[in-house]
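Here the structure comes first, spelled out in structure tokens, and everything after it is commentary.
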2 protein chains.
Amino acid sequence: MPDEGPEMELVHLLRAVAVELGAHSARFAQRNGMHPTDVRALIALMDAARAGEAMTAGRLGTALGLNSAGTTALVDRLERAGHVRRVRDGRDRRRVTVEVDERAVALGRSHFGPLIGRTVELLRGYDERELAAIRGFLTGVREAAGDDGREPHHNDPG
Amino acid sequence: MPDEGPEMELVHLLRAVAVELGAHSARFAQRNGMHPTDVRALIALMDAARAGEAMTAGRLGTALGLNSAGTTALVDRLERAGHVRRVRDGRDRRRVTVEVDERAVALGRSHFGPLIGRTVELLRGYDERELAAIRGFLTGVREAAGDDGREPHHNDPG
DNA sequence: CGGTATTATCTCGCTGAACGAGATACTTGT
DNA sequence: ACAAGTATCTCGTTCAGCGAGATAATACCG
């Protein structure tokens with residue numbers, strides 16, 4: 001288990017980036033009187049909307065690791081603040097789909113837009129091979145962080 | 001504000017990585033009966049230890065965005081679980097330095113070690129120019145995420 | 001040296017996010 | 001139609017974190 005070596009600098013840098021991005025979200029939450037979970041919920045809802053999928057209360061709770069009581073409280077909170085609407089599903093009337101209000105989207109854009117814009121600009125400064133390296137590294141880390149309970153399988157040559 | 005364009009894929013990928021790393025930490029917390037804040041605290045303490053700096057209760061609380069009452073509760077919790085020790089500073093006896101227990105370090109290593117190891121291996125597959133691109137991108141994002149309004153968060157020593 | 005301000009941590013009472021258990025409402029299978 | 005299954009909500013509780021202020025040690029100033 002290497003505690004030093006030239007690669008560790010990048011490992012710590014990556015962790016610092018994750019911390020900064022978390023802090024950036026937390027600032028958005030605090031400025032708008034929200035809890036970090038509320039921001040995560042809005043992001044999950046917007047991701048679903050971008051993918052063209054409807055998000056039910058249950059799926060939202062699962063995505064965030066909340067139980068049903070917590071999910072109800074979360075959606076209540078977001079609805080009370082005007083960030084989302086509850087819409088009963090017409091086909092299965094047990095279901096409640098949660099839709100993001102346009103104003104919440106605009107609010108999110110006004111906060112995250114500058115960071116996204118600067119990131120895009122940063123990316124424009126790299127050529128294809130560099131972009132492939134960045135993409136490959138991020139993809140690898142995402143997979144490594146997701147593979148968790150599993151056995152760490154030995155180096156897969158390739 | 002670009003919602004499409006080839007760079008957006010990487011922006012979403014970066015966000016996904018941040019989410020996965022957060023989930024990875026949350027899993028560590030839950031498996032060990034801790035809260036996300038407790039894990040953040042241990043990481044801050046280990047970072048300080050690595051840098052050779054002593055971490056006082058107050059500095060820890062500031063680093064995590066907690067007020068003094070919350071900081072006391074946090075250190076109580078960590079101490080009760082045996083993860084840290086309170087040590088009165090000899091020079092300034094108002095201060096309490098918080099030291100991580102070796103067993104907590106070992107616990108952290110056993111969880112984060114595999115992810116770190118896989119990340120290091122991943123990095124070994126890149127040449128200098130690719131590594132420079134990855135480093136430059138991460139550094140740029142860290143700075144962009146840190147630079148926003150810079151709102152001073154209200155602390156209790158008013 | 002004495003007194004007052006300042007700093008670091010802790011105590012107390014409270015709010016609210018999230019939990020477990022169970023109720024309610026709707027759907028599906030027989 | 002009735003039982004079983006599924007989605008959400010209600011109720012009561014726990015505990016992280018906050019605000020206010022107490023306590024204890026140090027620094028400043030005459």
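Throughout, a chain's letter reflects where its sequence line sits, starting with A, and its residues are numbered from 1.
Per the geometry, CG belonging to B/Asp76 stands 19 Å off P belonging to C/dA8, to the nearest Å. Following rounding to the nearest Å, B/Met34 (CE) and D/dC15 (P) show an atom-to-atom distance of 16 Å. Rounded to whole angstrom, the span from the CD atom of B/Glu79 across to the C1' atom of C/dC10 amounts to 13 Å. Between A/Asp92 atom CG and C/dT24 atom P the separation is 20 Å, expressed in whole Å. The CG-P distance, from A/Asp89 to D/dT6, rounds to 17 Å in whole Å.
Which of D/dT8, D/dA25, C/dT27 sits closest to the side chain of B/Arg93 comes down to D/dA25. Comparing atom distances between the A/Leu66 side chain and each of C/dC10, D/dT6, C/dA18 picks out C/dA18 as nearest. Checking C/dC10, D/dG5, D/dA25 against the side-chain heavy atoms of B/Val96 singles out C/dC10 as nearest. Checking D/dT8, D/dA24, C/dA17 against the side-chain heavy atoms of A/Arg77 singles out C/dA17 as nearest.
Between the side chain of B/Arg94 and the base of C/dT7, at least one donor-acceptor pair of N or O atoms lies under 3.5 Å.
For D/dC18, one of the phosphate oxygens OP1 or OP2 lies less than 4.0 angstrom from a side-chain nitrogen or oxygen of B/Asn67. For the OP1/OP2 pair of D/dA16 and a distance below 4.0 Å, the side-chain nitrogens and oxygens of B/His35 include at least one atom meeting the criterion. Residue A/Thr37 places at least one side-chain N or O under 4.0 Å from the OP1 or OP2 atom of C/dA18. Between B/Arg91 and the phosphate of D/dT26, there is no side-chain N or O to OP1/OP2 separation shorter than 4.0 Å.
Toward the 5′ end of DNA chain C lies the nearest nucleotide of B/Arg88, the other residue of the pair B/Arg88 and A/Gly65 mapping further downstream. Each of A/Arg95 and A/Ala69 lies near DNA chain D, and the nucleotide nearest A/Arg95 is the one positioned closer to the 5' end.
Counting non-hydrogen atoms under 4.0 angstrom, B/Thr71 reaches nothing in the nucleic acid. Within 4.0 Å (heavy atoms only), A/Arg59 reaches no atom of the nucleic acid at all. Among the protein residues, B/Ala73 comes within range of no part of the nucleic acid, since none of its heavy atoms lies under 4.0 Å from any strand.
When side chains are defined from C-beta on, A/Leu10 does not count as touching A/Phe137, because their heavy atoms never get closer than 4.5 Å. The shortest side-chain heavy-atom distance between A/Arg77 and A/His83 does not fall under the 4.5 Å cut-off.
No more than 12 heavy atoms of other residues, nucleotides or ligands sit less than 6.0 Å from atom CZ of B/Arg95.
Ion pairing between a basic and an acidic side chain is recognised when a charged N comes within 4.0 Å of a carboxylate O; B/Glu99 and B/Arg86 show no such pairing. Ion pairing of B/Asp127 with B/Arg129 is absent here, as no side-chain N (NZ or NE/NH1/NH2) approaches a carboxylate O to less than 4.0 Å.
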